[in-house]
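One structure is given below, encoded as structure tokens.
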Amino acid sequence: MNPLQRVARNPAAYRRLVLNGRPVAEGIEALLRFATAGRLGVLDLAGLPNVQVTTSGRKTGLARTATVQYVPVENGLLLVGSNWGRDRHPSWSANLKATQRVTVRRRGHRFVATVRLLAGEERDEAWSTVLAHWPNYQVAQAQAGRRQFRLFLLTPIP
């Protein structure tokens with residue numbers, strides 16, 4: 001585990017990052033993605049699993065790309081719309097909610113995946129899986145108050 005990953009996994013450090021460090025992390029993310037033509041970002045430096053998802057914007061129809069941490073599952077990837085624990089959903093999650101397919105870039109490989117917003121018991125089971133993989137999502141969820149994070153299952157299309 002690299003030092004950045006150790007810090008990111010520490011609940012106290014993560015709480016500070018969620019409360020105070022978001023603008024800095026987002027700025028560094030944008031700079032790194034620009035400087036490396038999209039190949040490297042903050043999550044990569046921290047050794048955390050992440051993908052870039054590209055879909056059409058639900059309002060503009062233009063291609064929109066977001067870098068998102070994921071949780072691997074047997075049949076695909078789980079994405080969590082945490083938005084740093086803010087009280088509103090991230091815009092990328094609204095775009096995913098409005099589409100059925102997305103282009104995913106992971107470690108330089110691209111593939112198309114179906115998108116499904118999870119609800120009910122299926123969402124509850126996925127949330128348990130997410131917390132087992134990344135417990136700090138509970139810190140962000142507590143920060144978000146009454147907003148329940150959107151959970152998406154991305155399933156690669158063969």
Side-chain angles (χ1 to χ4, degrees), residues 4-5 7-34 38 40-73 76-106 112-155:
L4 285 175
Q5 191 175 26
V7 169
R9 288 191 177 277
N10 179 303
Y14 186 79
R15 190 171 289 108
R16 250 186 237 113
L17 179 64
V18 165
L19 294 175
N20 305 319
R22 178 190 50 78
V24 173
E26 288 175 341
I28 293 171
E29 173 71 18
L31 180 65
L32 282 171
R33 292 286 173 196
F34 177 77
L40 185 68
V42 172
L43 293 173
D44 297 302
L45 293 179
L48 300 174
N50 68 91
V51 292
Q52 288 182 293
V53 292
T54 303
T55 189
S56 297
R58 70 194 181 288
K59 294 180 182 177
T60 65
L62 299 174
R64 301 292 184 206
T65 300
T67 302
V68 184
Q69 186 174 342
Y70 72 88
V71 174
V73 291
L77 311 171
L78 288 172
L79 303 185
V80 180
S82 67
N83 202 19
W84 295 84
R86 290 188 267 190
D87 61 355
R88 59 183 163 72
H89 294 290
S91 58
W92 65 261
S93 77
N95 290 336
L96 285 188
K97 188 177 173 189
T99 192
Q100 294 178 355
R101 292 180 183 212
V102 65
T103 301
V104 180
R105 180 178 171 186
R106 180 175 65 174
V112 176
T114 60
V115 177
R116 197 158 50 88
L117 177 63
L118 302 179
E121 188 176 310
E122 186 178 35
R123 187 209 179 275
D124 294 341
E125 289 175 21
W127 181 245
S128 294
T129 300
V130 163
L131 291 180
H133 184 79
W134 186 252
N136 283 333
Y137 275 126
Q138 190 62 52
V139 172
Q141 180 63 76
Q143 181 68 27
R146 295 172 51 155
R147 177 178 72 87
Q148 186 179 55
F149 294 166
R150 291 175 177 158
L151 296 183
F152 296 91
L153 175 62
L154 273 55
T155 306

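By convention here, the first residue in the shown sequence is residue 1.
Under the 4.5 Å side-chain criterion, counting only non-hydrogen atoms from C-beta, S82 is not in contact with Q143. Looking only at side-chain heavy atoms (C-beta outward), L154 and V53 come within less than 4.5 Å of each other. For the pair L151 and L117, the minimum side-chain heavy-atom distance is 4.5 Å or more. L45 has its side chain within reach of L32: a pair of non-hydrogen atoms, C-beta onward, lies under 4.5 Å apart. The shortest distance between side-chain heavy atoms of H133 and P49 falls below 4.5 Å. Contact of the R106 side chain with the L77 side chain is registered, since non-hydrogen atoms from C-beta on lie closer than 4.5 Å.
A distance of 11.5 Å separates CG in L62 from OG1 in T55, rounded to the nearest 0.5 Å. Atom CZ of residue R150 and atom CZ of residue R123 lie 11.0 Å apart, to the nearest 0.5 angstrom. The line from OG1 of T99 to CZ of F152 is 10.5 Å long, rounded to the nearest 0.5 Å. Put simply, CG on L153 and CD on E122 are 7.0 Å apart, with the number rounded to the nearest 0.5 Å. With values rounded to the nearest 0.5 angstrom, T103 atom OG1 is found 11.5 Å from Q52 atom CD.
Scanning both residues, L79 and Q69, for their nearest heavy atoms gives CD2-O, 3.8 Å. What you find for V102 and T54 is that their closest heavy atoms are CG2-O, 3.2 Å. When all heavy atoms of A113 and V104 are compared, the pair lying nearest together is CB-CG2, 4.1 Å. Between Y70 and N50, the closest heavy-atom pair is CE2-N, 3.3 Å. Of all non-hydrogen atoms in R147 and G81, the two that sit nearest each other are NH1-O, 3.0 Å. Closest non-hydrogen pair, P90 versus N83, comes out as CD-CB, 3.6 Å.
Summarising the local packing, CZ of R58 is surrounded by more than 12 heavy atoms from other residues, nucleotides or ligands at distances under 6.0 Å.
In this structure, E29 contributes its side chain and G41 its backbone to no donor-acceptor pair below 3.5 Å.
Between F149 and W127, the ring-plane angle classifies as perpendicular under the 30° and 60° cut-offs.
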